[in-house]
Amino acid sequence: MQIIICLDDDNGMLFHDRRQSQDAKLRENILEYLDGRELWMNAYSARQFADAGDARIHVSEKFLEEAGTDDVCFVENQPLLPYEAQIQEVVCYRWNRRYPSDVKLDLSLEEWETVEETEFAGKSHERITRTVYRRNGLLAGRTER
């Protein structure tokens with residue numbers, strides 16, 4: 001499965017059970033990045049995409065268990081370490097800022113291969129960085145988007 005996450009510069013995800021930030025241009029970028037694929041998430045994250053009206057979005061509280069090998073999951077408030085064996089790729093959006101956080105990414109990406117890095121201007125953030133990581137060994141036979 002492929003995971004999409006948003007992090008600050010300290011790998012922070014949440015502060016007091018709330019996302020650190022959100023950005024309309026980031027959501028647009030995520031939907032474009034899908035390139036026709038479906039996006040899985042829980043109800044907490046679905047509130048961000050309520051105005052998108054996109055039929056590719058599937059909402060379930062057990063989406064990480066239900067998503068298949070080739071599915072894309074947007075994760076904001078759940079640990080990833082229990083699903084590490086199923087994750088082939090991580091798309092990480094960074095705010096390029098430090099926010100207060102009490103929940104951080106629990107998955108280490110140190111041994112993952114960086115295969116793409118793109119920057120774009122957000123609506124509320126002047127610079128958002130999208131980095132795509134793949135597990136070492138998964139590079140052969142995969143095509144770039």
Side-chain angles (χ1 to χ4, degrees), residues 1-15 18-52 54-99 101 103-145:
M1 110 178 66
Q2 183 178 33
I3 299 295
I4 297 177
I5 55 174
C6 298
L7 301 174
D8 74 359
D9 285 347
D10 289 326
N11 288 332
M13 296 172 69
L14 296 169
F15 184 60
R18 295 185 322 209
R19 70 182 55 89
Q20 295 174 317
S21 190
Q22 59 182 327
D23 188 281
K25 294 288 185 183
L26 178 135
R27 289 189 297 275
E28 288 175 17
N29 190 276
I30 289 172
L31 293 174
E32 288 172 14
Y33 184 80
L34 290 176
D35 195 29
R37 294 172 293 165
E38 297 181 348
L39 182 63
W40 291 75
M41 64 185 73
N42 61 16
Y44 174 83
S45 296
R47 291 186 301 223
Q48 279 201 71
F49 291 86
D51 293 339
D54 198 310
R56 297 174 296 168
I57 296 174
H58 295 279
V59 180
S60 170
E61 294 310 306
K62 295 184 177 185
F63 72 102
L64 288 168
E65 289 90 13
E66 295 169 352
T69 303
D70 296 323
D71 288 331
V72 182
C73 298
F74 181 57
V75 179
E76 289 188 285
N77 62 349
Q78 293 182 291
L80 290 174
L81 203 53
Y83 306 97
E84 183 176 23
Q86 288 85 25
I87 300 170
Q88 295 119 9
E89 193 168 89
V90 175
V91 179
C92 177
Y93 286 88
R94 291 209 183 259
W95 303 118
N96 298 301
R97 295 182 184 168
R98 284 191 168 83
Y99 290 117
S101 65
V103 175
K104 297 191 182 296
L105 178 65
D106 63 344
L107 183 69
S108 173
L109 298 173
E110 289 180 17
E111 295 188 22
W112 292 57
E113 183 83 21
T114 301
V115 295
E116 176 190 322
E117 191 161 277
T118 306
E119 290 186 354
F120 62 95
K123 184 171 182 164
S124 58
H125 296 74
E126 69 182 54
R127 181 173 58 107
I128 298 173
T129 304
R130 180 182 73 205
T131 306
V132 179
Y133 300 91
R134 287 201 189 124
R135 275 189 193 282
N136 287 328
L138 286 179
L139 297 173
R142 297 283 301 254
T143 58
E144 294 299 319
R145 279 189 272 289

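The shortest distance between side-chain heavy atoms of D71 and F63 does not fall below 4.5 Å. Residues L14 and Y44 have side chains in contact (heavy-atom distance under 4.5 Å, counting atoms from C-beta outward). Considering only heavy atoms from C-beta on, N29 stays 4.5 Å or farther from I128 through its side chain. Side-chain contact check for D106 versus P82: some heavy-atom pair is nearer than 4.5 Å. When side chains are defined from C-beta on, I5 counts as touching L105, because their heavy atoms get closer than 4.5 Å. Two residues are said to be in side-chain contact when any heavy atoms from C-beta on lie closer than 4.5 Å; E84 and R135 meet this criterion. Within the 4.5 Å cutoff, the side chain of W112 has heavy atoms near those of the V90 side chain. Counting heavy atoms from C-beta on, the side chains of H125 and K25 never come closer than 4.5 Å.
Residue M1 comes nearest to C73 through the heavy atom pair SD-SG, 3.6 Å, listed as atom of the first residue, atom of the second, then distance. Closest heavy-atom contact between L34 and R56: CB-NH1, 3.6 Å. Of all non-hydrogen atoms in V72 and I4, the two that sit nearest each other are CG1-CD1, 3.5 Å. The two residues E76 and S45 make their nearest non-hydrogen contact at OE1-OG, 2.7 Å. Across every non-hydrogen atom of R97 and E126, the tightest pair is NH2-N, 4.3 Å. When all heavy atoms of K123 and A24 are compared, the pair lying nearest together is CD-CB, 4.0 Å.
Within a 6.0 Å radius of CD in E111, other residues, nucleotides and ligands contribute 12 heavy atoms or fewer.
Here the rule is side-chain contact (heavy atoms from CB on, under 4.5 Å) with W95, and of D9, D23, L7 only D23 fits it. If you run side-chain hydrogen bond (donor to acceptor under 3.5 Å, both in side chains) between Q2 and each of R134, Q88, R37, only R37 comes through.
Remark: W40 CH2 to K62 NZ distance equals 13.0 Å, nearest 0.5 Å. The CG atom of L107 lies 6.5 Å from the CG atom of L81; values are rounded to the nearest 0.5 Å. In this structure, S60 OG and M41 CE are separated by 12.0 Å, a value rounded to the nearest 0.5 Å. Distance check, rounded to the nearest 0.5 Å: OG of S108 to CG of L80 gives 12.0 Å. Interatomic distance, Y99 OH to S21 OG, rounded to the nearest 0.5 Å: 4.0 Å. Taking OG1 of T118 as the start and OH of Y33 as the end, the distance is 8.5 Å to the nearest 0.5 Å.
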| task | Evaluate the side chain to side chain contact (heavy atoms under 4.5 Å, CB included) criterion for residues H58 and L39: first the C-alpha distance (whole Å), next the side-chain angles of each, then the deciding distance (0.1 Å), finally the verdict. | result | CA-CA 6 Å; H58 295 279; L39 182 63; over 6 Å; no
Quiz prompt | Stepwise side chain to side chain contact (heavy atoms under 4.5 Å, CB included) check, L109 with T114 | solution = CA-CA 9 Å; L109 298 173; T114 301; over 6 Å; no
* Carefully, step by step, assess S101 and Q20 under the rule side chain to side chain contact (heavy atoms under 4.5 Å, CB included). => CA-CA 7 Å; S101 65; Q20 295 174 317; 3.2 Å; yes
- Query: Are R130 and E116 close enough, and set up right, to give a side chain to side chain contact (heavy atoms under 4.5 Å, CB included), and what steps lead you there?
  - Reply: CA-CA 8 Å; R130 180 182 73 205; E116 176 190 322; 2.5 Å; yes
Start with the C-alpha distance between D8 and R98, add both sets of side-chain angles, then the distance that settles salt bridge (charged side-chain N to carboxylate O under 4.0 Å, His left out), and finish with yes or no. CA-CA 5 Å; D8 74 359; R98 284 191 168 83; over 6 Å; no
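For the 3.5 Å distance criterion, the side chains of Y83 and Q78 fail to qualify, holding no donor opposite an acceptor. In this model, no donor atom of one side chain and acceptor atom of the other lie less than 3.5 Å apart for R47 and N42.
Ring centers of F49 and F74: under 6.0 Å apart, within the cut-off.
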